[in-house]
Amino acid sequence: MKILVTGGTGFIGSHTCVELLNEGNEVVIIDNLYNSQADVVEKIEEITKKSVKFYEGDCCDEAVLEKIFSDHNIDAVIHFAGYKAVGESVQKPIMYYENNLMSTLALCKVMAKYGCKKLVFSSSATVYGNPNSVPIHEDFPLGPTTNPYGTTKLMIEQILRDVFVSDDQWSIALLRYFNPIGAHDSGLIGENPNDIPNNLMPYIVKVANKELPVLHVFGNDYDTHDGTGVRDYIHVVDLAKGHVNAVAKVLKDTGVDAYNLGTGNGYSVLDVVETFKRVNNVDVPYQVDPRRPGDIAECFASTDKALKELGWKAEKGLEEMCKDAWSYVSKVKKV
Ligand code: NAD
Ligand code: UD1
């Protein structure tokens, strides 16, 4: 099958391209390199020993999308392209609504025009807002979201549901990711933000690497086993494999369905810090600070639906996530 991957040079997109190629698919990438580098394409090719067609372009630009669809017979699309920084979305809501919504609308328009109606969309556990209980099931109430980034995901889910109502030939999987971390075990692709990271694992890595002095643990007075926030961390390679199964599902059926992609296990901030230190034999100094506004105590997925309907479940544990996150950054540092 020939799969168009928007945002394919990004963190999750690049790992997904590897898994798609490993399974014998052809891959076409469109990315405007807003948050990634072009050399990721060569890294994907180096890992898989297969070639990839890359278009540097913006998904809001219908003309570029039309060019891709007229150059290739695309069987299905995975739509990763978008902005994802929660804090920045509060500062720049228009930029977030414009990019995340317009890229999706342009994509759907061009897909419909070329008769390709198989779509896998990158949503987020953030659409559940503050859940009443854990584990979180897909039929839990959605929202209210706490920031414009999360609202774009909720709005896009609704837009895609409306698209299906208008034309039942569409087949759409809404994948709600929990907390993706780690990197490919080749050490060639991974996540290494240039700015000060907002998320836990990239921050830990920078402290371990002595680029930042200390990890700030946001609160130790939550109702959890050690008082720090609990999340469902998932290895990015497991997450990528979930996309391969989701593509198979949308190719086979029609409809619109949401799936949690998580492990179903919750780990606290201190569980992650201690595991990272132990498996990598490095120090991660930390101090406890007040809670971060908007954070919830505990968030982890029910994974039953993804197992039943996609035939997918995560395999890798926290130790592997911590090892792979560190080996990618140590390798980048050596280059
Ligand atoms: P990323 O920033 O690494 O990748 C996104 C890619 O999209 C980047 O390469 C960027 O250059 C590209 N892009 C952005 N806007 C574009 C546009 N208009 N046209 C073309 N390319 C564009 O992010 P990621 O972590 O790989 O996330 C991928 C998707 O998954 C995003 O939609 C994100 O919101 C969603 N998601 C991520 C997480 C997470 O924790 N990483 C969690 C839940 C959902
Ligand atoms: C983040 C996003 C959310 C997205 C989710 C999955 C934010 C505010 N929210 O949520 O929209 O759906 O990732 O990708 O970015 N922590 C610290 N110190 C730090 C960083 C984090 O103690 O420097 C703690 C947090 O309080 C939380 C846990 O670590 O308990 C995980 O935080 P983070 O990695 O930011 O992810 P989420 O808050 O789950």
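Just follow the structure's listing: the first ligand is 1, and inside any ligand the first atom is 1. The chain is numbered in sequence order, starting from 1. None of the values given here were measured: they were computed from a predicted structure.
Panel note: side chain Asp238, backbone Lys316; a donor-acceptor pair is recorded below 3.5 Å. Checking side-chain atoms of Gln287 against main-chain N and O of Val214 turns up no donor-acceptor pair under 3.5 Å. At least one donor-acceptor pair closer than 3.5 Å links the side chain of His15 to the backbone N or O of His184.
Contacts between Leu33 and ligand 1, counted as non-hydrogen atom pairs separated by less than 4.0 Å, involve the backbone only.
No heavy atom of Thr6 sits closer than 4.0 Å to any atom of ligand 1. Residue contact annotation: Ser123 has a non-hydrogen atom under 4.0 Å from ligand 1. Residue Lys153 places a heavy atom less than 4.0 Å from ligand 1.
Close approach of ligand 1 to Asp58 (heavy-atom distance below 4.0 Å) involves ligand atoms 17 (C), 18 (N), 19 (N). Here is the list of ligand 1 atoms found below 4.0 Å of a heavy atom in Gly57: 19 (N), 20 (C). Close contacts of ligand 1 with Tyr149, meaning ligand atoms under 4.0 Å from a residue heavy atom, involve 33 (C), 34 (O), 35 (C), 36 (N), 43 (C), 44 (C). Near Gly7, meaning under 4.0 Å from any of its heavy atoms, are these atoms of ligand 1: 6 (C), 7 (O).
With hydrogens left out, the protein atom closest to atom 2 (O) of ligand 1 is Asn35 ND2, 2.7 Å, a heavy atom. Counting protein heavy atoms only, atom 15 (N) of ligand 1 is closest to Asn99 ND2, 3.1 Å. Atom 4 (O) of ligand 1 has its closest protein heavy atom at Gly10 CA, 3.4 Å. Here the protein heavy atom with the shortest distance to atom 40 (O) of ligand 1 is Pro180 CD, 3.3 Å. From the protein, the heavy atom lying nearest to atom 25 (O) of ligand 1 is Lys84 NZ, 2.8 Å. Shortest contact from atom 30 (O) of ligand 1 to any protein heavy atom: Tyr177 CE1, 3.3 Å. Nearest non-hydrogen protein atom to atom 37 (C) of ligand 1 is Ile12 CD1, 3.7 Å. Nearest protein neighbour of atom 22 (C) of ligand 1, counting heavy atoms only, is Asn32 OD1, 3.1 Å.
Side chains of Ser268 and Asp226: a donor-acceptor N/O pair is present below 3.5 angstrom, by distance only. A donor-acceptor pair shorter than 3.5 Å can be found between the side chains of His225 and Asp271. No hydrogens or angles considered: nothing links the side chains of Asn220 and Thr228 as a donor-acceptor pair under 3.5 Å.
For a threshold of 3.5 Å applied to N or O pairs, the pair formed by Asp31 and ligand 1 contains at least one separation below that value. Below 3.5 Å of separation, one finds an N or O of Tyr34 facing an N or O of ligand 1. Polar contact with ligand 1: absent for Glu191 (N/O pair, distance under 3.5 Å). Of the N or O atoms in Phe80, one or more lie within a sub-3.5 Å distance of an N or O in ligand 1. Taking only nitrogen or oxygen atoms, main chain and side chain alike, Tyr83 does not reach within less than 3.5 Å of ligand 1. Of the polar atoms of Phe11, at least one N or O is found under 3.5 Å from an N or O of ligand 1, judged by distance alone.
Of the charged side-chain nitrogens involved, none lies within less than 4.0 Å of a carboxylate oxygen, so that Glu315 and Lys241 do not count as a salt-bridged pair. Between Lys113 and Glu62 no salt bridge is recorded (no basic side-chain N to carboxylate O distance below 4.0 Å). With respect to Lys323 and Glu320, no salt bridge is recorded, no charged nitrogen being found less than 4.0 Å from a carboxylate O. The residues Glu191 and Lys84 are annotated as salt-bridged, a charged nitrogen and a carboxylate oxygen being separated by less than 4.0 angstrom.
Using cut-offs of 30° and 60° for the angle between ring planes, the Tyr128 and Phe140 rings count as perpendicular. Ring planes of His243 and Phe80: tilted class, angle from 30 to 60°. Ring orientation note: the planes of His72 and Tyr55 are nearly perpendicular, at an angle over 60° on the 30°/60° scale.
Taking a heavy-atom cut-off of under 4.0 Å, ligand 2 is surrounded by Val86, Ser124, Thr126, Tyr149, Phe178, Asn179, Pro180, Asn198, Asn199, Leu200, Tyr203, Leu215, His216, Val217, Phe218, Gly229, Arg231, Tyr233, Val269, Arg292, Asp295.
Figure legend: Arg291 and Tyr222 shown as a cation-pi pair, the cationic atom lying under 6.0 angstrom from the six-membered ring centre and within 45 degrees of its axis.
Annotation: side chain of Val250 is not in contact with side chain of Trp170 (no heavy-atom distance under 4.5 Å). Between Ser14 and Lys43 the shortest side-chain heavy-atom distance does not fall below 4.5 Å.
By heavy-atom distance, the residue among Ser14, Cys59, Gly8, Gly150 lying nearest atom 19 (N) of ligand 1 is Cys59. Among Cys60, Gly82, Ser122, the residue whose heavy atom sits closest to atom 5 (C) of ligand 1 is Gly82.
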Review item, side-chain donor-acceptor pairs of residues 147-154, under 3.5 Å, at least two apart:
{"from": "Asn147", "atom 1": "OD1", "to": "Tyr149", "atom 2": "N", "distance (Å)": "3.2"}
{"from": "Asn147", "atom 1": "OD1", "to": "Gly150", "atom 2": "N", "distance (Å)": "2.8"}
{"from": "Thr151", "atom 1": "OG1", "to": "Thr145", "atom 2": "OG1", "distance (Å)": "2.8"}
{"from": "Thr151", "atom 1": "OG1", "to": "Asn147", "atom 2": "O", "distance (Å)": "3.0"}
{"from": "Thr152", "atom 1": "OG1", "to": "Asn100", "atom 2": "ND2", "distance (Å)": "3.1"}
{"from": "Thr152", "atom 1": "OG1", "to": "Tyr149", "atom 2": "O", "distance (Å)": "2.6"}
{"from": "Lys153", "atom 1": "NZ", "to": "Ser122", "atom 2": "O", "distance (Å)": "2.9"}

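Looking at every heavy atom in both residues, Gly264 comes nearest to Phe300 through O-CD1, 3.5 Å.
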